[in-house]
Amino acid sequence: MALYCLGMLQAHSLLWHYLWVAPSVLLLMLGFGLWRLRVHRQHPFFLAFVLASAVEQLTLYVLDITPSVEPETWWRFFWAGLILEGILKFALLAEVFAHAFRPYPAIATLGKRLIGMVGVVLIFASSMAAAFAPLDSLFGIVSGAHLLQQTIYIIECGILVSMFGFSLYFRIGMPSADRGIALGLSLSACVHLATWALVANTSLPDDSRVVLDFINMAIFHFCVLMWIYYLLVPRRASEMTAVIALPENNLALWNRELERLLQ
Amino acid sequence: MILAIILVVAAALALIFILSITVSRSLQVSNTSLAGAIQPLDLEAFRNLTDAAEDEYLRSRLRPADYRSVRRERLRAMAAYVQVAGRNATVLVRIGQSALTASDSTTVEAARQLVEQALLLRRNATFALLRIYLALAWPNSDSDARPILHRYEQLNGSAMLLGRLQNPAVPLRISASL
């Protein structure tokens, strides 16, 4: 049994095929569901991200299993997908931020400035991390892709942490769908950052790299399921925010203060 | 290798932070004792502390060293009041947010105003606290916390309006006592 499980943790095993293809198929189903429920009007960048990720992963999968495709061609497609996905991710983060904080003009501008400043610091920090990473001169296209992944995930993680921290400080609750999107992105970004940091900055043996690939694919699969739950499963009334009434004793207290003000 | 370790630790901490916020938020949804978390604030004492005329009076009557010492004490007290005001504001944000789902449009509008004013107060309280802490280092500098007091008074009004709409029996007592 243990040997069978270890055998599954190999490239081109049944589990490997499943973990690569299933999230993309689920993403296409999610995209269709968003369009059918007309949720895509509120989340246009999420829909774009979902469809682009699905098409990108399925294309890479087909290229990977086609023997006639050269490794360099595969990596060129990987680069193109990475750049497109990176742009869409940052547009998606802006969309989540707008949904969460735009209804509150008192802090929306402050939040925008804060996230902007954090973004600048993160770009600097990720550039420094990339500059100090070892670069493979033989396979520059591969190590460059790892560094670009690492850079994107550093910025994405930092922005998500700032966004959650900002909402915590002001006790602002995100809308359920946006919370689900942000949570999925966070989980995926943090795990991918850790794994890509190991891949980009250490010389791991191939077996270990394959295990890291499995972790990434499994986490992404989980995130896709989470997005389906948050965006397609209708929320029950009990899950909505319970109305908290102001108690009489507080009103009486405020009333006393008001009386003192009027005296 | 060191860079990889730093990034792995940072990613783990980021994930723990985000997950803990999400979990604590889900647990707080059913917390109905929230309103009890509001701490009373003596507005008269707060007003005295922020009164520029009182400061001027103390400055004219005391020796510079004594004045700085008294001023620091007043600033510490002021910081405590601003912190309480900020904390109360965050409680009111959540109370207001919960009332945003009410069916009555008047209640929703009152809740929206309460949330907006509470957020403004929370934001201003943060900046005021920074100014107060700076003034603790330089007691002769300006640290005007009067806007916080003004916002807090406005917030009281909004909270009372929302409370009146949620508990219609209470305003009769309030108006009777005025």
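Note on naming: letters A, B, ... go to the chains in the order of the sequence lines (proteins, then strands), and numbering restarts at 1 for each one.
Contacts with chain B were tallied for A:A182, A:A106, A:P103, A:C157; A:A106 has the most, counting heavy-atom pairs under 4.5 Å. The greatest number of non-hydrogen atom pairs below 4.5 Å with chain A, out of B:T90, B:I2, B:I18, is found for B:I18. Here A:L168 is the residue among A:I107, A:L110, A:L168 with the most heavy-atom pairs under 4.5 Å with chain B. Top candidate by heavy-atom pairs under 4.5 Å with chain B, chosen from A:L198, A:I172, A:V199, is A:I172.
Contact check on B:R112 versus B:E116 returns no salt bridge, with no Lys/Arg side-chain nitrogen under 4.0 Å from an Asp/Glu carboxylate oxygen.
In this structure, no portion of A:T195 lies under 4.5 Å from any heavy atom of chain B. In this structure, chain A has no heavy atom under 4.5 Å from any part of B:I6. Heavy atoms of A:I154 lying under 4.5 Å from chain B belong exclusively to its side chain. If you measure heavy-atom distances from A:L187 to chain B, the contacts under 4.5 Å come from both the backbone and the side chain. For A:L183, the part lying near chain B is the side chain, with the backbone staying farther off; criterion is any non-hydrogen pair under 4.5 Å. Using a 4.5 Å cut-off between heavy atoms, A:Y153 does not touch chain B at all.
A pairwise comparison of heavy atoms in B:V93 and A:F170 identifies CG1-O, 3.6 Å as the closest pair. When all heavy atoms of B:A128 and B:V82 are compared, the pair lying nearest together is CB-CG1, 4.3 Å.
Between A:H146 and A:W196, the angle of the ring planes lies from 30° to 60°, which puts this pair in the tilted group. Ring geometry for A:F101 against A:F97 counts as tilted: the plane angle lies between 30° and 60°, on a 0 to 90° scale.
A distance of 10.0 Å separates CG in A:L30 from CG in A:L225, rounded to the nearest 0.5 Å.
By the 6.0 Å and 45° rule, B:R122 stacks over the aromatic ring of A:Y169.
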